[in-house]
Amino acid sequence: MLHIHNTLTRRKEAFVPIDPGKVRMYVCGMTVYDYCHLGHARVMVVFDLVARWLRASGFKLTYVRNITDIDDKIIRRAGERGESIRTLTDRFIAAMHEDADALGVLRPDHEPRATEYVTQMQSLIGRLREKGLAYVAGNRDVCYSVRKFDSYGRLSGKSLDELRAGERVEVAGDKQDPLDFVLWKHARTDEPDEVKWASPWGTGRPGWHIECSAMSSDLLGERFDIHGGGQDLQFPHHENEIAQSEGAHGHTFVNYWMHNGFVRVDDEKMSKSLGNFFTIRDVLKRFDPEVVRFFILRAHYRSPLNYSDAHLEDARQALTRLYTALRNVEPSDAGIDWDEPHAVRFRAAMDDDFNTAEAVAVLFELANEANRTGSAATAAQLKGLGGVLGLLAREPASFLQGRIAGEPDEEGGVAIEAMIERRALAKKSKDYAEADRIRAQLLASGVVLEDTPQGTVWRRA
RNA sequence: GGCGCGAUGGCAGAGUGGUUAUGCAGCGGCCUGCAAAGCCGUGUACAUCGGUUCGAUUCCGGUUCGCGCCUCCA
């Protein structure tokens with residue numbers, strides 16, 4: 001049975017969906033004003049994996065990952081670039097999809113854009129006003145009154161007094177409590193018309209937190225099973241979502257909260273503000289996207305993940321081993337045999353809060369067994385279980401001979417084959433000096449030759 | 001300052017109250033014309049100090065160090 005670590009209780013809990021056999025999951029996605037970095041890659045890959053495993057486990061899943069296409073930074077960036085909000089956000093949404101596709105991240109069932117849900121946000125704010133949980137501040141912003149929501153702080157494990165908003169930051173003077181947050185931002189004259197919506201509280205635009213409450217309830221209902229996102233969203237974003245949704249609806253919002261750990265650089269969180277981030281597309285110039293995915297999946301989703309070229313290279317070597325096994329042993333086209341011992345362990349690992357590190361270890365044991373026995377069934381298990389993780393789906397040669405940057409190098413491949421042919425002739429006439437010279441020459445250009453009973457094969461070093 | 005998380009072999013990274021994680025790197029062997037790949041073998045790993053226990057890396061407490069959140073952030 002699947003167990004999930006629930007941030008709300010800080011424990012692993014048996015997963016029981018609200019509707020038997022069905023799961024509804026919402027994940028906070030990207031604010032689209034720039035290219036995605038590796039931290040975003042981790043969220044996308046981690047929850048893609050959760051989605052895949054839920055489906056593999058037989059659940060009918062509805063997966064929503066939102067897009068924030070209206071916020072301060074977007075407005076500022078569009079202004080700097082002299083382009084419309086829509087042009088800017090469309091461009092970065094397209095870029096995000098390219099990156100996600102490359103990493104083998106399947107599209108969620110719904111990817112709602114905040115700007116398409118302003119009506120629903122307004123009706124939610126209206127309900128909060130009716131219930132006395134929201135007020136119009138002196139500056140005409142509509143704010144949520146956190147003191148009126150009893151369990152505020154439960155998700156982040158803090159009390160209101162502990163949070164002490166004044167500790168580190170000057171508080172805007174218009175709020176009744178420093179921790180109150182904006183639901184509806186009153187329009188500023190210097191902002192473009194594109195970010196102005198009419199509302200009962202005057203022209204303006206929505207605050208950040210309200211969009212997720214509105215979109216999730218619209219697409220998944222007022223109560224659903226899993227809500228996910230990066231650890232940094234735990235507070236205040238998810239705390240505020242709970243306050244909004246439970247405040248408006250009067251009942252539990254989400255049963256299981258999941259938060260993935262950070263990607264780090266030199267043991268520090270990778271983030272925009274620290275400026276120590278690597279974009280996905282930059283990393284993909286030097287590493288195969290499947291290596292990046294494998295790198296993410298090799299660690300547990302809640303652990304910190306340190307990024308470095310050396311670690312990516314290590315991941316590449318490891319993945320090479322798996323693909324080498326599939327090259328050495330042709331898998332049968334049988335599906336996964338879930339009763340086979342490796343698969344049983346794989347399932348147990350995944351059911352234990354998505355322990356992909358353990359699941360990947362099982363893959364290596366299958367690779368070893370396939371190499372040892374030459375069993376096509378074992379190779380099929382390897383490929384099949386790898387596929388559950390979104391790995392090992394390619395032809396081994398595509399991975400082993402692939403160039404990182406650019407298109408498949410067909411011409412280079414032909415040249416390499418020609419040299420292998422010449423070396424074969426040299427070997428046949430026992431001219432080992434010539435054969436070794438050719439091999440060394442190829443090695444110098446990053447091509448490794450392997451002589452097998454079926455002939456010579458090559459891969460990139 | 002408040003709250004929380006973590007410290008595993010050369011590196012990465014799971015896990016467990018008593019028996020092999022796994023991968024990379026290294027070393028020895030087999031295979032090979034030689035290699036490569038693969039296979040076999042190979043590492044007194046669990047921050048530190050106490051406590052509980054027949055027995056702790058695994059449970060409890062202290063200490064040290066690192067990280068995160070408390071502010072936009074995946």
Closest approach to the side chain of [X], judged atom by atom: which nucleotide of [options] is it?
| X | options | result |
| --- | --- | --- |
| A:Arg298 | B:A14, B:A74, B:A12 | B:A12 |
| A:Arg372 | B:C39, B:C70, B:A74 | B:C39 |
| A:Glu358 | B:G38, B:A21, B:A74 | B:A21 |
| A:Asn355 | B:A14, B:C69, B:A74 | B:A14 |
| A:His37 | B:A21, B:A74, B:C72 | B:A74 |
| A:Asp314 | B:C24, B:A14, B:C69 | B:C24 |
| A:Val448 | B:G38, B:G68, B:A36 | B:A36 |
| A:Asp436 | B:C11, B:G33, B:G68 | B:G33 |
| A:Arg423 | B:G33, B:C39, B:G68 | B:G33 |
| A:Phe364 | B:G38, B:G68, B:U22 | B:U22 |

**Request:** Mind running ring pair (Phe, Tyr, Trp, His ring centres under 6.0 Å) on A:Phe253 and A:Phe224 for me, showing each step along the way?
**Result:** CA-CA 7 Å; A:Phe253 172 42; A:Phe224 55 94; 5.3 Å; yes

Quick check for you: to the nearest 0.5 Å, what is the distance between [X] atom [atom1] and [Y] atom [atom2]?
| X | Y | atom1 | atom2 | result |
| --- | --- | --- | --- | --- |
| A:Asp72 | A:Arg77 | CG | CZ | 13.0 Å |
| A:Lys175 | A:Cys143 | NZ | SG | 6.0 Å |
| A:Asn6 | A:Phe15 | CG | CZ | 10.5 Å |

Rounded distance in Å - [atom1] ([X]) to [atom2] ([N]):
| X | N | atom1 | atom2 | value |
| --- | --- | --- | --- | --- |
| A:Asn240 | B:C70 | CG | P | 12 Å |
| A:Lys269 | B:C72 | NZ | C1' | 9 Å |
| A:Asp267 | B:C65 | CG | P | 16 Å |
| A:Lys427 | B:U32 | NZ | P | 12 Å |
| A:Gln317 | B:G23 | CD | C1' | 11 Å |
| A:Arg345 | B:U22 | CZ | C1' | 9 Å |
| A:Arg302 | B:A14 | CZ | P | 10 Å |
| A:Asn368 | B:G38 | CG | C1' | 10 Å |

In terms of ring plane angle, is the pair [X] and [Y] parallel, tilted or perpendicular, where the classes change at 30° and 60°?
| X | Y | answer |
| --- | --- | --- |
| A:Phe149 | A:Tyr152 | perpendicular |
| A:Trp257 | A:His227 | parallel |
| A:His209 | A:Phe181 | perpendicular |
| A:Tyr35 | A:Phe92 | perpendicular |

Same-atom distance ([atom1]) from [N] to [M], integer angstrom:
| N | M | atom1 | result |
| --- | --- | --- | --- |
| B:U8 | B:C34 | C1' | 40 Å |
| B:U32 | B:G23 | P | 25 Å |
| B:A35 | B:C11 | C1' | 27 Å |
| B:C65 | B:G41 | P | 44 Å |
| B:C31 | B:U22 | C1' | 25 Å |
| B:A47 | B:C67 | C1' | 15 Å |
| B:G6 | B:U63 | C1' | 16 Å |
| B:G1 | B:G61 | C1' | 24 Å |

Between the base of [N] and the side chain of [X], is there any donor-acceptor pair under 3.5 Å?
| X | N | answer |
| --- | --- | --- |
| A:Asp451 | B:C34 | yes |
| A:Arg439 | B:A35 | yes |
| A:Lys158 | B:C69 | yes |

**Asked** A:Leu305 or A:Gly229: which one's nearest nucleotide on RNA chain B is closer to the 5' end?
**Response** A:Leu305

**Message:** Does B:C39 have OP1 or OP2 under 4.0 Å away from a side-chain N or O of A:Arg321?
**Reply:** yes

**Message:** Quick check on B:A14: is either OP1 or OP2 less than 4.0 Å from any side-chain nitrogen or oxygen of A:Ser303?
**Reply:**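 For B:A14, OP1/OP2 do have a side-chain N/O of A:Ser303 under 4.0 Å.
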
**Item:** Option passing side chain to side chain donor-acceptor pair (under 3.5 Å) with A:Asn66 (candidates A:Glu211, A:Glu111, A:His110)
**Value:** A:Glu211

**Salt-bridge criterion met for A:Asp90 and A:Arg113 (N-O under 4.0 Å)** =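 Counted as a salt bridge, because a side-chain N and a carboxylate O are separated by less than 4.0 Å.
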
**Asked** Which dot-bracket string fits RNA chain B when only Watson-Crick or G-U wobble pairs with both atom distances under 3.5 Å count, crossing pairs get [ ], and | stands for a partner on a different strand?
**Response** (((((((..(((.....[...))).(((((.......)))))....(((((..]....))))))))))))....

